[in-house]
**Q** 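Before I ask anything, here is the structure I am working with.
A note on names: the letters A, B, ... follow the listed sequences, proteins ahead of strands, and every chain is numbered from 1. The structure displayed is predicted, hence computed values, not measured ones.
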There are 2 protein chains.
Amino acid sequence: MKPFATADRMARHAPIELEKFVPYQLSIVSNTVSQAIAREYAERFDLGTTEWRVMAVLARHDGEGLSARQVARLTAMDKVAISRALARLVANGRVLRRVHRGDKRRSVLRLSAAGWRIHDAVAPLARRHEREFVATLSEEERDWLGRILDKLMAANEVSEPRASGG
Amino acid sequence: MKPFATADRMARHAPIELEKFVPYQLSIVSNTVSQAIAREYAERFDLGTTEWRVMAVLARHDGEGLSARQVARLTAMDKVAISRALARLVANGRVLRRVHRGDKRRSVLRLSAAGWRIHDAVAPLARRHEREFVATLSEEERDWLGRILDKLMAANEVSEPRASGG
DNA sequence: TGCAAATGGTTTCATTTGAAACTATTGTAA
DNA sequence: TTACAATAGTTTCAAATGAAACCATTTGCA
């Protein structure tokens with residue numbers, strides 16, 4: 001131990017304690033879950049994270065015939081990522097793509113029967129992962145976490161495109 | 001509106017509401033901050049996220065002559081990433097690397113004077129970013145968030161290497 | 001000793017990712 | 001109607017990333 005030298009350094013340089021630094025903690029925690037989930041989807045269903053998100057959004061907005069742009073908004077991911085995910089999903093017969101009548105630029109997207117089967121298999125897994133992830137938290141902590149994340153999402157305005165993982 | 005069709009679908013397929021799904025929320029929130037911070041470091045200091053984390057760890061453990069392996073553990077990142085970050089940091093004269101006497105495999109790392117200068121400029125920025133990020137939260141919420149993240153970090157055992165961003 | 005396994009660290013290769021450029025189509029307004 | 005801006009979506013190119021192979025050195029142990 002060098003108590004004085006240490007105190008000196010702390011005072012002069014005020015180093016950050018990474019493990020108490022919220023953005024760092026968030027990134028670690030987020031990547032840990034995301035990767036665990038992603039690995040399972042990839043292995044069992046040959047499904048990337050972005051692809052799963054696209055499917056989730058299409059499932060949720062069933063019958064609306066979303067466009068790629070709308071999917072991008074709803075997933076908060078950028079359109080390039082969505083374009084690539086859709087290319088794979090369509091190629092694998094999980095998503096049906098037609099052209100919007102009245103606007104030939106737009107696509108009209110929906111899950112195929114095969115897509116729905118995958119969705120129905122993955123959705124419970126996703127919920128289980130979420131449950132396990134927050135398993136160590138108390139009921140009260142889970143509530144707080146939910147509210148806090150809502151607030152952070154709203155405040156740090158995820159205005160348009162972002163993200164990857166989880 | 002198609003209330004019955006909707007109710008039906010919900011019952012049959014139970015689609016996930018992405019925006020209420022904790023791993024998704026975490027990933028969005030985490031990536032949003034991480035990217036904002038990373039952009040600033042990159043622009044103003046030509047410094048990548050991993051590089052900054054390495055510097056933060058070296059600053060915090062000043063005088064201990066950490067090895068790359070130890071830095072990897074302390075940052076929870078994998079050794080390849082650390083190796084690359086160190087290569088740049090050394091090339092840019094921000095980190096000094098010597099060989100451990102007694103074990104020629106190990107390196108002995110510490111910040112150079114230039115490294116300290118960068119550190120001392122970046123650290124307050126990092127703190128500011130963190131403050132702004134949680135600015136919308138109440139005092140109470142910030143406390144809960146801190147505790148919850150600690151718990152999640154501990155529970156979802158970041159056993160060894162992981163992460164990117166932040 | 002002396003040789004296999006383990007460790008610290010770097011390099012290589014393939015994949016992922018993001019930004020910017022590009023195509024096609026539609027909107028607008030002179 | 002023409003021409004310019006905006007929008008939907010894809011492609012291209014470069015940088016970031018991860019996994020596995022790779023060197024050098026050290027450790028464990030027969």
Side-chain angles (χ1 to χ4, degrees), chain A residues 27-28 30-32 34-36 38-39 41-43 46-54 65-91 95 97-109 160-166, chain B residues 27-28 30-32 34-36 38-39 41-43 46-54 65-91 95 97-109 160-166:
Chain A
S27 135
I28 296 292
S30 166
N31 288 328
T32 305
S34 288
Q35 284 180 22
R39 190 180 320 267
Y41 295 173
E43 278 173 10
D46 184 29
L47 193 68
T49 303
T50 309
E51 291 172 58
W52 163 242
R53 286 190 187 167
V54 169
L66 296 183
S67 69
R69 186 80 191 77
Q70 290 175 299
V71 171
R73 281 209 196 83
L74 291 165
T75 53
M77 313 202 48
D78 82 276
K79 63 181 186 166
V80 177
I82 298 300
S83 174
R84 288 197 262 242
L86 279 170
R88 276 206 79 210
L89 289 168
V90 171
V95 166
R97 171 159 53 185
R98 344 191 99 213
V99 174
H100 187 103
R101 37 184 178 129
D103 187 344
K104 290 171 201 154
R105 291 169 306 180
R106 276 188 209 163
S107 38
V108 176
L109 302 162
E160 282 292 292
R162 213 155 298 281
S164 80
Chain B
S27 135
I28 297 292
S30 165
N31 287 330
T32 305
S34 287
Q35 284 180 22
R39 191 178 322 267
Y41 295 171
E43 278 172 13
D46 183 29
L47 194 67
T49 303
T50 307
E51 290 171 59
W52 162 243
R53 287 189 186 168
V54 169
L66 295 183
S67 69
R69 186 79 193 79
Q70 290 175 300
V71 171
R73 281 210 195 83
L74 291 166
T75 53
M77 314 204 47
D78 83 275
K79 62 179 187 166
V80 177
I82 298 301
S83 173
R84 288 198 262 242
L86 280 171
R88 276 207 78 208
L89 288 169
V90 171
V95 166
R97 172 157 54 186
R98 345 191 98 215
V99 173
H100 187 105
R101 41 183 174 128
D103 186 344
K104 290 172 203 156
R105 292 169 308 179
R106 275 187 209 162
S107 37
V108 176
L109 303 162
E160 280 295 291
R162 212 155 299 284
S164 80

**Q** Looking only at side-chain N and O atoms, does A:Ser107 come under 4.0 Å of OP1 or OP2 in D:dG9?
**A** yes
**Q** What is the distance, to the nearest angstrom, from the CZ atom on B:Arg73 to the C1' atom on C:dT7?
**A** 10 Å
**Q** Rounded to whole Å, how long is the line connecting atom CD of B:Gln70 with atom C1' of C:dT7?
**A** 13 Å
**Q** Tabulate atom names and distances for all N/O pairs under 3.5 angstrom spanning the protein and nucleotides 22-26 of chain C.
**A**
unit_1 : atom_1 : unit_2   : atom_2 : d
C:dT25 : O2     : A:Arg105 : NH1    : 3.3
C:dT26 : OP1    : A:Lys104 : N      : 2.9

**Q** Does A:Arg84 contact D:dG9 through a side-chain donor or acceptor facing the base, at a distance under 3.5 Å?
**A** no
**Q** Specify the separation, in whole Å, of atom CG of A:Asn31 and atom P of D:dA16.
**A** 17 Å
**Q** Taking side chain to side chain contact (heavy atoms under 4.5 Å, CB included) as the test, write out the residues that go with B:Leu66, two or more places apart.
**A** B:Val57, B:Leu58, B:His61, B:Glu64, B:Gln70, B:Val71, B:Leu74
**Q** Specify the separation, in whole Å, of atom CD1 of A:Ile82 and atom C1' of D:dT11.
**A** 17 Å
**Q** Looking at A:Ser83, does any N or O in its side chain come under 4.0 Å of the phosphate oxygens OP1/OP2 on D:dT10?
**A** yes
**Q** Tell me: CG of A:Asp78 to P of D:dA8, nearest whole Å?
**A** 14 Å
**Q** Can you tell me if B:Ser27 and A:Arg53 form a side-chain donor-acceptor pair at under 3.5 Å?
**A** yes
**Q** Measure CZ/B:Arg106 against P/C:dT10 and give the value in whole Å, please.
**A** 14 Å
**Q** With rounding to the nearest 0.5 Å, note down the distance linking OG in A:Ser30 to CG in B:Asn31.
**A** 6.0 Å
**Q** Look at the side chain of A:Val80 and decide which nucleotide, out of D:dA8, C:dT10, C:dA20, has an atom nearest to it.
**A** C:dA20
**Q** How many Å lie between CG on A:Leu47 and P on C:dT16, as a whole number?
**A** 13 Å
**Q** Salt bridge check: are A:Asp46 and A:Arg88 linked by an N-O gap of less than 4.0 Å?
**A** yes
**Q** Output the rounded distance in Å from CZ (A:Arg69) to P (D:dA6).
**A** 15 Å
**Q** Working to the nearest 0.5 Å, report the span between CD of A:Glu51 and CG of A:Leu89.
**A** 4.5 Å
**Q** Restricting to side chain to side chain contact (heavy atoms under 4.5 Å, CB included), what partner residues turn up for B:Val99, sequence neighbours left out?
**A** B:Lys104
**Q** Report yes if some heavy atom in the side chain of A:Met77 is under 4.5 Å from a heavy atom in the side chain of A:Thr50; otherwise report no.
**A** yes
